[in-house]
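Lettering follows sequence order; numbering is per chain, from 1.
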2 protein chains.
Amino acid sequence: MMSAHAMAHATAWESLFRAQVAVVRHLAADDVWEELTMKEYDVLFTLSRGPADGLRLKELNTDVLLSQPSLSRLVDRLVARGLVERRAVADDLRGTRVVLTDDGRALQRRVGRRHVASIDAALGSALSADELTTLTDLTDRLRNHVASLPAAARTTSTKEPS
Amino acid sequence: MMSAHAMAHATAWESLFRAQVAVVRHLAADDVWEELTMKEYDVLFTLSRGPADGLRLKELNTDVLLSQPSLSRLVDRLVARGLVERRAVADDLRGTRVVLTDDGRALQRRVGRRHVASIDAALGSALSADELTTLTDLTDRLRNHVASLPAAARTTSTKEPS
DNA sequence: CGAAAGTTCATGCGTCTGCATCTACTTTAG
DNA sequence: CTAAAGTAGATGCAGACGCATGAACTTTCG
């Protein structure tokens, strides 16, 4: 037995997930990723949006769907290509800030322009301007909600055994 | 220069993408993936929804975000575990149908139940029933639109040279 | 019909990924 | 202050992934 609410949740999530897969698949096929993989672009993009003095690995990791070790090595590769730099964090000798270099920023902009055009072509006239606004609003709220949740939960049983 | 429409597209896509990342991250942390990775579950789930005589690899591949070779090997592993079988396709000796075994179906259901509970817990009260319906509708339409597109496009220039 | 082109899936291979763990610090608490 | 616990990030390693390509068909077209 599944409650109607749980069902609506599962349905909405599946639709969202499948839509994401379809769009990513389409965007991936575009000739925009010769210099940067999507994940690499994601990192540069996130950095380009963040504060001028960069972001810590931990912070980057909340936006990029990659394990901490994988992200660490992805950043290694970007450093090797001169697109980002690792710098020290004031007051915390463990941490690392990741900062865009001029080359990195330029590349992000170059790829970003083409990527945006690609997105525009992919979404086309599927949704009206109002619908796009609604979609943005709903997904933003969904993200904020989930991000505010206490990490992991035991979902084996719906009811706690008292 | 970017048109307002292209901007709305890019914004909506980013929100959708980030929401997906946040939810996947949350769901991945749940103790539901001991027996099956998310991608393996995705394959079993897709099969459980499809026709009784299974799906071809090509068809599976449209739903699962994985390259054809990777999917082929993922299916290898599922076969090795006795969760699916490969069968011949009538009228096409190249093809392979992938069919759920009883064990595979049972496992999908078992994991699926817990996964649905996990989704329910994750989405919580973020959106109202109406909003969930709206989100489902918008993402469904988005997916159908993108799926109907002619594969890859050159997006370097916005205007076709006549 | 028969050759060329296209499709479906599998496989070799180098790279990327995640898990577990380690190091180096920072924070908490006795 | 010091020991224990916690946190940030790096690294060894086995396994998974994608790209390029191969093998076995099927379809198209002269």
From the 5' end of DNA chain D to its 3' end, which nucleotides mark the outer limits of contact with chain A, defined by a 4.0 Å heavy-atom distance cut-off (strictly under)?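 So the outermost contacting nucleotides come out as D:dG6 to D:dC13.
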
Quick one: are B:Arg110 and B:His115 in side-chain contact, heavy atoms under 4.5 Å?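 Contact flag for B:Arg110/B:His115 side chains = no.
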
So, do B:Leu138 and B:Arg143 sit near enough that their side-chain heavy atoms are less than 4.5 Å apart?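 Of all side-chain heavy-atom pairs linking B:Arg143 with B:Leu138, none is under 4.5 Å.
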
Length of the line joining [X]:[atom1] and [N]:[atom2], which is rounded to integer Å:
X: B:Leu78; N: C:dA10; atom1: CG; atom2: P; answer: 13 Å
X: B:Arg86; N: C:dC9; atom1: CZ; atom2: P; answer: 9 Å
X: A:Leu74; N: C:dT15; atom1: CG; atom2: P; answer: 16 Å
X: A:Leu66; N: C:dG18; atom1: CG; atom2: C1'; answer: 9 Å
X: A:Asp76; N: C:dT17; atom1: CG; atom2: P; answer: 12 Å

Output all residues satisfying side-chain contact (heavy atoms from CB on, under 4.5 Å) with B:Lys39, sequence neighbours left out; order by chain, then residue number.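 Applying side-chain contact (heavy atoms from CB on, under 4.5 Å) to B:Lys39 gives B:Thr37, B:Leu66, B:Leu74.
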
Just to verify, what does A:Ser67 make a side-chain contact (heavy atoms from CB on, under 4.5 Å) with, not counting sequence neighbours?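 side-chain contact (heavy atoms from CB on, under 4.5 Å) check on A:Ser67 returns A:Pro69, A:Ser70.
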
Counting primed atoms plus P, OP1 and OP2 as sugar-phosphate and everything else as base, spell out the protein contacts along nucleotides 19-24 of chain C at 4.0 Å heavy-atom distance: B, S or - for each nucleotide, 5' to 3'. BB---B

Under the side chain to side chain donor-acceptor pair (under 3.5 Å) test, residues paired with A:Arg73 that sit two or more places apart: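 Testing A:Arg73 for side chain to side chain donor-acceptor pair (under 3.5 Å), a comparison that skips the adjacent residues, returns none.
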
Counterpart residues, side chain to side chain donor-acceptor pair (under 3.5 Å), relative to A:Arg87 (two or more places apart):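 Expected list: A:Glu85.
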
Applying side chain to side chain donor-acceptor pair (under 3.5 Å), which residue pairs with at least one partner in residues 93-107 of chain B are found, sequence neighbours left out?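 For residues 93-107 of chain B: B:Asp92-B:Arg94.
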
Sequence neighbours left out, cut at 3.5 Å: what donor-acceptor pairs do the side chains of residues 13-24 of chain B make with other protein atoms?
from    : atom 1 : to       : atom 2 : distance (Å)
B:Glu14 : OE1    : A:Arg49  : NH1    : 3.4
B:Ser15 : OG     : A:Asp140 : OD1    : 2.9
B:Ser15 : OG     : B:Thr11  : O      : 3.3
B:Arg18 : NH1    : A:Asp42  : OD1    : 3.0
B:Arg18 : NH1    : A:Asp63  : O      : 3.2
B:Arg18 : NH2    : A:Asp42  : OD1    : 2.9
B:Gln20 : OE1    : A:Gln20  : NE2    : 3.4
B:Gln20 : NE2    : A:Gln20  : OE1    : 3.3

Distance, nearest 0.5 Å, that separates CG of A:Leu44 from CD of A:Gln108: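 Those atoms lie 6.5 Å apart.
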
Enclosure of B:Met7 CE (heavy-atom neighbours >12, cutoff 6.0 Å):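 Not buried by this count: 12 neighbours or fewer within 6.0 Å.
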
Taking only residues two or more places apart in sequence, or in another chain, which ones meet B:Arg141 in a salt bridge (Lys or Arg N to Asp or Glu O under 4.0 Å)?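 Here the qualifying residues are A:Glu131, B:Asp137.
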
My understanding is that only residues two or more places apart in sequence, or in another chain, count here; which of them pass salt bridge (Lys or Arg N to Asp or Glu O under 4.0 Å) with A:Arg109?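 Per chain and number, A:Arg109 pairs via salt bridge (Lys or Arg N to Asp or Glu O under 4.0 Å) with no residue.
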
Between the opening five pairs and the closing five pairs of the helix from C:dC1-D:dG30 to C:dG30-D:dC1, how far apart are the helix axes, to 10°?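 Here the helix ends are tilted 30° relative to one another.
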
With hydrophobic residues grouped by side-chain heavy-atom distances under 4.5 Å, do A:Leu57 and A:Val89 end up in a single group?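 A:Leu57 does not cluster with A:Val89.
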
For DNA chain D, which residues of residues 40-63 of chain A approach it to below 4.0 angstrom with any heavy atom?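 Heavy-atom cutoff 4.0 Å gives A:Arg56, A:Leu57, A:Lys58.
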
Position toward the 5' end of DNA chain C (nearest nucleotide), A:Asp91 or A:Leu65: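 Result of the comparison: A:Leu65.
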
